[in-house]
Amino acid sequence: MKIKLFLAVIIFSPLLSKAQQKPNGKAIYTQRCMTCHQVDGTGAQNMIPPLIKTEYVLGDKTTLIKILLNGLSGEIKVNGDVYAGEMPSQAFLKDSEIAAVLSYVRNSFGNKAGLVTNAEVRKSRAANKKVID
Ligand code: HEC
């Protein structure tokens with residue numbers, strides 16, 4: 001009996017370690033986004049836009065990915081309020097980390113939208129580097 005358990009652990013441990021390698025969207029949010037956008041995605045009045053049911057969070061994934069890759073500045077309107085802050089680029093994050101944190105944001109704070117895949121981030125990053133399309 002003990003041997004069977006031992007074998008099961010041996011056989012499944014590569015699968016477990018693979019699961020652990022997948023970045024945790026919530027952990028990345030806590031580390032990289034929370035200081036500005038707050039724990040519940042509410043942002044800060046007139047300074048940091050919320051991440052709750054905004055057209056950027058729920059809308060086109062390419063635009064959303066590019067906000068993280070390039071950062072964002074200048075005037076934007078979010079849920080009816082105007083912001084003119086500056087968000088620093090998060091391009092130092094890996095494709096899989098951007099995919100995980102955006103999938104987390106799109107399915108937290110009352111949001112419900114499709115997941116962002118590593119391939120989508122990879123594609124946007126590659127297109128982003130091109131000078132001419
Ligand atoms: C230093 C503060 C700061 C950090 C860190 C930050 N943001 Fe932002 N973010 C902003 C500001 C300010 C804007 C609005 C920029 C503007 O006014 O043009 C913004 C805009 C956005 C928008 C588009 C507008 C909206 O609210 O829908 C999204 C989406 C977003 N941020 C997601 C994130 C995610 C995800 C992270 C973490 C990976 C992150 N931000 C990290 C400050 C920050």
Side-chain angles (χ1 to χ4, degrees):
M1 205 52 191
K2 268 194 183 145
I3 286 185
K4 268 194 193 154
L5 187 67
F6 179 71
L7 284 176
V9 169
I10 299 271
I11 289 164
F12 288 111
S13 61
L15 292 176
L16 287 175
S17 61
K18 192 146 194 202
Q20 278 162 1
Q21 279 164 14
K22 196 169 177 266
N24 180 318
K26 187 175 183 178
I28 297 165
Y29 183 85
T30 305
Q31 205 181 354
R32 302 288 176 195
C33 323
M34 200 178 81
T35 42
C36 291
H37 291 283
Q38 304 302 304
V39 66
D40 47 4
T42 49
Q45 209 178 9
N46 302 323
M47 290 193 301
I48 311 280
L51 300 177
I52 304 167
K53 297 185 179 162
T54 78
E55 65 177 284
Y56 297 97
V57 169
L58 298 179
D60 177 50
K61 287 196 243 178
T62 307
T63 307
L64 182 58
I65 293 166
K66 284 192 174 173
I67 290 176
L68 262 63
L69 291 176
N70 300 332
L72 192 65
S73 60
E75 212 168 86
I76 55 162
K77 208 172 195 182
V78 182
N79 291 357
D81 292 321
V82 174
Y83 297 84
E86 196 164 328
M87 171 165 155
S89 159
Q90 308 291 311
F92 54 84
L93 294 174
K94 290 186 209 146
D95 292 349
S96 57
E97 292 173 329
I98 290 181
V101 76
L102 289 180
S103 295
Y104 170 75
V105 167
R106 277 162 69 90
N107 291 281
S108 304
F109 323 132
N111 298 324
K112 191 128 195 62
L115 301 180
V116 174
T117 66
N118 299 358
E120 284 166 334
V121 179
R122 197 179 324 122
K123 212 172 131 200
S124 295
R125 207 193 289 262
N128 219 15
K129 280 188 186 142
K130 273 194 250 167
V131 180
I132 298 166
D133 250 342

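Keep in mind it's a predicted model, so treat the numbers as computed, not measured.
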Non-hydrogen side-chain atoms of Leu93 and Val121 separated by less than 4.5 Å: no
Donor-acceptor under 3.5 Å (Asn107 side chain, Ala113 main chain): yes
Residue pair Arg125 / Ile98, side-chain heavy-atom distance below 4.5 Å: yes
ILVMFWY network linking Leu72 to Phe92, side-chain heavy atoms under 4.5 angstrom: yes
Thr42 side chain to Pro50 backbone, donor-acceptor under 3.5 Å: no
Heavy-atom side-chain proximity of Phe109 to Val57 below 4.5 angstrom: no
Any residue meeting salt bridge (charged side-chain N to carboxylate O under 4.0 Å, His left out) with Glu97, in chain and number order, not counting sequence neighbours: none
Under 3.5 Å donor-acceptor, Lys112 side chain and Leu58 backbone: no
Approximate separation, where rounding is to 0.5 Å, of Leu51 CG and Leu102 CG: 9.5 Å
Heavy-atom check, side chain of Val78 versus side chain of Tyr83, under 4.5 Å: yes
Note, Pro49 side chain near Thr54 side chain (heavy atom, < 4.5 Å): no
Straight-line distance of Ile52 CD1 to Gln38 CD, nearest 0.5 Å: 10.5 Å
Sub-4.5 Å side-chain heavy-atom contact between Arg106 and Leu64: yes
Co-members of Met47 in a cluster of I, L, V, M, F, W and Y side chains, linked at under 4.5 Å: Ile48
side-chain hydrogen bond (donor to acceptor under 3.5 Å, both in side chains) against Asn70, all qualifying residues, sequence neighbours excluded: Asn128
